[in-house]
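Keep in mind that the numbers below use all heavy atoms, side chains included, and drop hydrogens, waters and symmetry copies. Please read all numbers here as calculations on a predicted model, not as lab measurements. The sequence lines fix the lettering, A, B, ..., with proteins before strands; numbering per chain opens at 1.
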Amino acid sequence: MPKIERPDTGLTRRALLATGAATLALPMLSRRAFAAPTELTMLAWYGHAEPDIVAEFEAENNVKFIPKYYTGGDNMLGLISQSPPGTFDVILSDAEYVQALNAAGYVEELDPNDYALADYFPEFQNFPGNWQDGKLFSLVTRFGFLGVAYNTDALTEAEAANYNVFWDPKLTGKVGHFDWHLPNLGQMSLLNGNASPYDIDEAAWTAVKEKTKTLRPQIGGFFDYGGTFSSLNDGQMLAFCGIGDWITGVLEKNGAKVRSVIPEQGGLQWSECFSIGKGSQKADLAKKWIQYITSAKGQAKSAQMAAYPALIPNQKGWEVLQAENPAEAKRQGMTKEAGNAMDMIRAGRIKYRQWPIQQDLETWNDFWSEYKGA
Amino acid sequence: MRRKISLYGLTFSLPLLIWQILFFVFPLLFLIALSFWTVKNFTMRPDFNMVNWTTIYGRGVFWQAYGTTFALAAAASVLTSVLAFPAAYAIAFKLSDAARRWAVFLMVIPFFTSYLVRVYSWQIFLSDNGIINVILGWVGLGPFQMLNTVGATIIGYLTLSFPLVVLLQLFSLAFLDRTLIEAAHNLRCGRVRTVFAVVIPSARVGLVIAALFCFILSFGDFVSPVYLGGGEPTTLSILITDTTKSGQQWPRAAVIALTMIGTLMLVAFAAVKFAYKGKTK
């Protein structure tokens, strides 16, 4: 009987067993890579948990964000109050709502030593609303200015740099309102010369109402977020009250002929702050996220958010942005040149958007409804 | 004679009863209770306080919005019914069986797409630089402002309810006793007179119910007044969002919502009564 020669593969039984065992053990050796990502819930305005912002953090920390987007601070408060504690790990809030979150006990206290506050511009290190009784409850992460938004075919920047342009006869029926009383009436208050537009007495409030009423014949509509975008984009509205670069910046980047300008009477500032939701089971990871998004790298990303751009309070973030995307840094005024965003704040041209101090919020809202119905 | 409810009948009607209790009666009771709650520091508190009712009913803007909403919904109902009737009539009496099936299919197709998307697409037609104004421009007309007007809101209402109204009218006309029409013709009644003297009275129930559905849909619609009407004039649905947008005033929004529900119930009862007026079993 002829002997069958086995080909010499160089693979012994022992080597085969060792290779097999190693292959089987591989996932155990790198369990982290194969483990299901930890879910982190985020309550925020649209855009904050989209891939352009969170993808890097998710990959580095094996996290998957589960966003719940809201439109408006009241909507946010409603969602939190209707959910069990711990539902939202990370909460993004407009600055004026942070105190309401605190008062209702919806957010955890933060340790200021955990965050790169020293890298922030001094004006933002003790940002109003973030602190209460010396305790930190949220961290401002981005902000923007509200002024006059205008169609560049219809108005020059010089024309638009004054709130009185809304009364221009050539804009009759072409002035839009972002449908929220706070920014619109704040701008009317600035136009009336109130240095603190939300801290006005009854006489000044009456004057603001009277002035606002005279604008009514000019108004072509009251628009929500989507309607504001489309009416500016298709040229249906040629000027807009109550918004700024957070809307026009997106449109401008996509080729629409719209811009925003801070008028000579001054502009308003909106600000967004991150907090950790009360009762979060993943507070450490939530903290890690806030550390990331307030770091120089995270801030540069946040400034360029696809959903809506914004200014950032971290000065090292400005440097990263200037290196990464100098055109965007210049467009938003986050450069070292004179007249940049911080200079406008320091020159006193920008006032915080906030709740009315001498009137109820309800009073302002009721007037807004009456104005709309007029 | 008093009818006895059998176990058989109860078995089949029970799911409907449970459904109505769970998804209509309970939420309605909650809405009623909510309208008496108060809000402090953005937090709603159970209470029994009339302040929300007196505040809302004491505001001129509420009654203005109420009148506007009612008038717009009524106008949409009349307009939709008038425009839908020739279509429903043609489908019911003029088309072949095959063509009728296609027509019904075409009327159902709009429901495959989101109403919001359909309304947004209207903006492309109605805006100052939109398709209609561009075409008008070719013949030296316009541009006319069509978007952000009451007319655009009505177009939105038509978009919402026209296919449904046509279908409801069609079902009513399809089941019409055709011998009545033949009898009218035999008695030398003209075509137009037959429509008004025989067809419409005979199909009255379906026509009224179709108009009622249009009224209900338009009365509560938020999308068209905002995205085609530009938010003005203020309708009740816009007023509800305004009320909740500032200060978490859900109890006041509940007052507006309950007023809307009450109005719709009254209109529905009145419409049904009118539809069956003079009808016998």
Colleague: Count the heavy atoms belonging to other residues, nucleotides or ligands that lie under 6.0 Å from CZ of Phe26(B), then report whether that count exceeds 12.
Modeller: no
Colleague: Between Asn365(A) and Gln249(B), is there a side-chain heavy-atom distance shorter than 4.5 Å?
Modeller: no
Colleague: Between Phe222(A) and Asp242(B), is any pair of side-chain heavy atoms under 4.5 Å apart?
Modeller: no
Colleague: Measure the CG-OG distance between Leu147(B) and Ser231(A) for me, rounded to the nearest 0.5 Å.
Modeller: 8.5 Å
Colleague: Please tell me if the side chains of Ser81(A) and Met44(B) come closer than 4.5 Å, counting only heavy atoms from C-beta onward.
Modeller: no
Colleague: With rounding to the nearest 0.5 Å, note down the distance linking CG in Asp179(A) to CD1 in Ile238(B).
Modeller: 8.0 Å
Colleague: Does anything in residues 253-262 of chain B form a salt bridge (charged side-chain N to carboxylate O under 4.0 Å, His left out)? List the pairs, not counting sequence neighbours.
Modeller: none
Colleague: Identify the two heavy atoms, one from Gly235(A) and one from Asn129(B), that lie closest to each other, and give their separation to 0.1 Å.
Modeller: CA-ND2, 4.4 Å
Colleague: Taking everything shown except Lys211(A) itself, do over 12 heavy atoms lie less than 6.0 Å from its NZ?
Modeller: yes
Colleague: So which heavy atom on Asp234(A) is nearest to which on Ser127(B), and how close?
Modeller: OD2-CB, 4.0 Å
Colleague: Name all residues meeting the side chain to side chain donor-acceptor pair (under 3.5 Å) criterion together with Trp37(B); count only those two or more places apart in sequence or in a different chain, and write none if there are none.
Modeller: none
Colleague: Which one wins on heavy-atom pair count under 4.5 Å against chain A: Thr68(B), Val226(B), Thr234(B), Asp128(B)?
Modeller: Asp128(B)
Colleague: Could you tell me which of Gly176(A), Gly220(A), Gly173(A) has the largest number of non-hydrogen atom pairs under 4.5 Å with chain B?
Modeller: Gly220(A)
Colleague: Is there a donor-acceptor pair closer than 3.5 Å between any side-chain N or O of Glu232(B) and the backbone N or O of Gly373(A)?
Modeller: no
Colleague: Tell me, for Trp355(A) versus chain B, whether the close heavy atoms (under 4.5 Å) come from the side chain, the backbone, both or neither.
Modeller: side chain
Colleague: Answer yes or no: are there more than 12 heavy-atom neighbours, outside Lys257(A) itself, under 6.0 Å from its atom NZ?
Modeller: no
Colleague: Should we say atom CZ of Phe274(B) is surrounded by more than 12 heavy atoms from elsewhere, each under 6.0 Å from it?
Modeller: no
Colleague: Where do Met237(A) and Asn148(B) come nearest, in terms of heavy atoms and distance?
Modeller: CE-ND2, 3.3 Å
Colleague: Taking the side chain as every heavy atom from C-beta outward, state whether Glu370(A) and Arg59(B) have any pair of such atoms under 4.5 Å apart.
Modeller: yes
Colleague: Under a 4.5 Å cut-off applied to non-hydrogen side-chain atoms, are Leu239(B) and Ser369(A) in contact?
Modeller: yes
Colleague: In this structure, are over 12 heavy atoms from other groups packed under 6.0 Å from Lys135(A) atom NZ?
Modeller: no
Colleague: Any chance you could measure Gln145(B), atom CD, to Gln236(A), atom CD, to the nearest 0.5 Å?
Modeller: 6.0 Å
Colleague: With chain A as the partner, which of Gly230(B), Gly60(B), Gly130(B) has the greatest number of non-hydrogen pairs under 4.5 Å?
Modeller: Gly230(B)
Colleague: Would you say OH of Tyr308(A) has more than 12 non-hydrogen atoms from neighbouring residues, nucleotides or ligands within 6.0 angstrom?
Modeller: yes
Colleague: Examine whether an atom of Ile124(B) lies under 4.5 Å from a heavy atom of chain A, and if so say whether it belongs to the side chain, the backbone or both; otherwise answer neither.
Modeller: neither
Colleague: Give, for atom CG of Asp74(A) and atom CH2 of Trp250(B), the distance between the pair rounded to the nearest 0.5 Å.
Modeller: 9.5 Å
Colleague: Within a 6.0 Å radius of atom CZ on Phe125(B), are there more than 12 heavy atoms belonging to other residues, nucleotides or ligands?
Modeller: no
Colleague: Let me know if Tyr120(B) has heavy atoms under 4.5 Å from chain A in its side chain, its backbone, both or neither.
Modeller: side chain
